[in-house]
Amino acid sequence: MSSTVDDLTIHYEEDGEIIVKELDKEVLTKGAWTTIMFRYKQLDKKTSEYGKDMYTIRRFRKMNGEYRPQSKFNISSPDQARKIIGALEGWLKDVEE
């Protein structure tokens, strides 16, 4: 477990092999409830190669000085990511007018 937001990661190794390679992260909110969006690649064990870029949003809750995962949402495709971006831009445009 991590005690700081900066230490939170989705990097995952198994038997010395990197299974989930974190490429980037964006901290969306900090505090007792922290939200982070990660960009990552996952190892395909059949081909021993990393797949396409993937994205996930994770929520963590700080309890007893340590952050624990609470929920996650995986963005399943670039098309879904574009739809999320489009919806948010439309909603924000309505709010900002």
[X]: which residues meet the side chain to side chain contact (heavy atoms under 4.5 Å, CB included) condition with it, sequence neighbours left out?
X     : answer
Asp6  : Thr4
Leu88 : Ile84, Trp91
Asp15 : none

What residues, two or more places apart in sequence or in another chain, satisfy side-chain hydrogen bond (donor to acceptor under 3.5 Å, both in side chains) together with [X]?
X     : result
Lys45 : Glu14
Gln70 : none
Thr35 : Thr29, Arg59
Gln42 : none

_salt bridge (charged side-chain N to carboxylate O under 4.0 Å, His left out): pairs with one or both residues in residues 66-79, sequence neighbours excluded_ =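 Checked against salt bridge (charged side-chain N to carboxylate O under 4.0 Å, His left out) - neighbours excluded - the pairs reaching residues 66-79 are Asp79-Lys83.
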*Starting at CZ of Arg58, measure out to OG1 of Thr56 and round the result to the nearest 0.5 Å.*
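Spacing of CZ (Arg58) from OG1 (Thr56) equals 4.0 Å.
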_Under 4.5 Å side-chain heavy-atom separation, chaining through any Ile, Leu, Val, Met, Phe, Trp or Tyr, what else clusters with Leu23? Say none if it is isolated._
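Cluster partners of Leu23: none, it stands alone.
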*Quick one: name the residues clustered hydrophobically with Val20, using the 4.5 Å side-chain heavy-atom rule over I, L, V, M, F, W, Y, and just say none if it's on its own.*
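Direct or chained contacts put Val20 with Val5, Leu8, Ile10, Tyr12, Ile18, Ile19, Val27, Ile36, Phe38, Tyr40, Leu43, Tyr50, Met54, Phe60, Tyr67.
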*Any residue meeting salt bridge (Lys or Arg N to Asp or Glu O under 4.0 Å) with Arg39, in chain and number order, not counting sequence neighbours*: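 For Arg39 the salt bridge (Lys or Arg N to Asp or Glu O under 4.0 Å) partners, ignoring immediate neighbours, are Asp53.
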*Under 3.5 Å, is there a donor-acceptor pair between the side chain of Lys25 and the main chain of Thr9?*
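Pair absent, no side-chain N/O of Lys25 close to backbone of Thr9.
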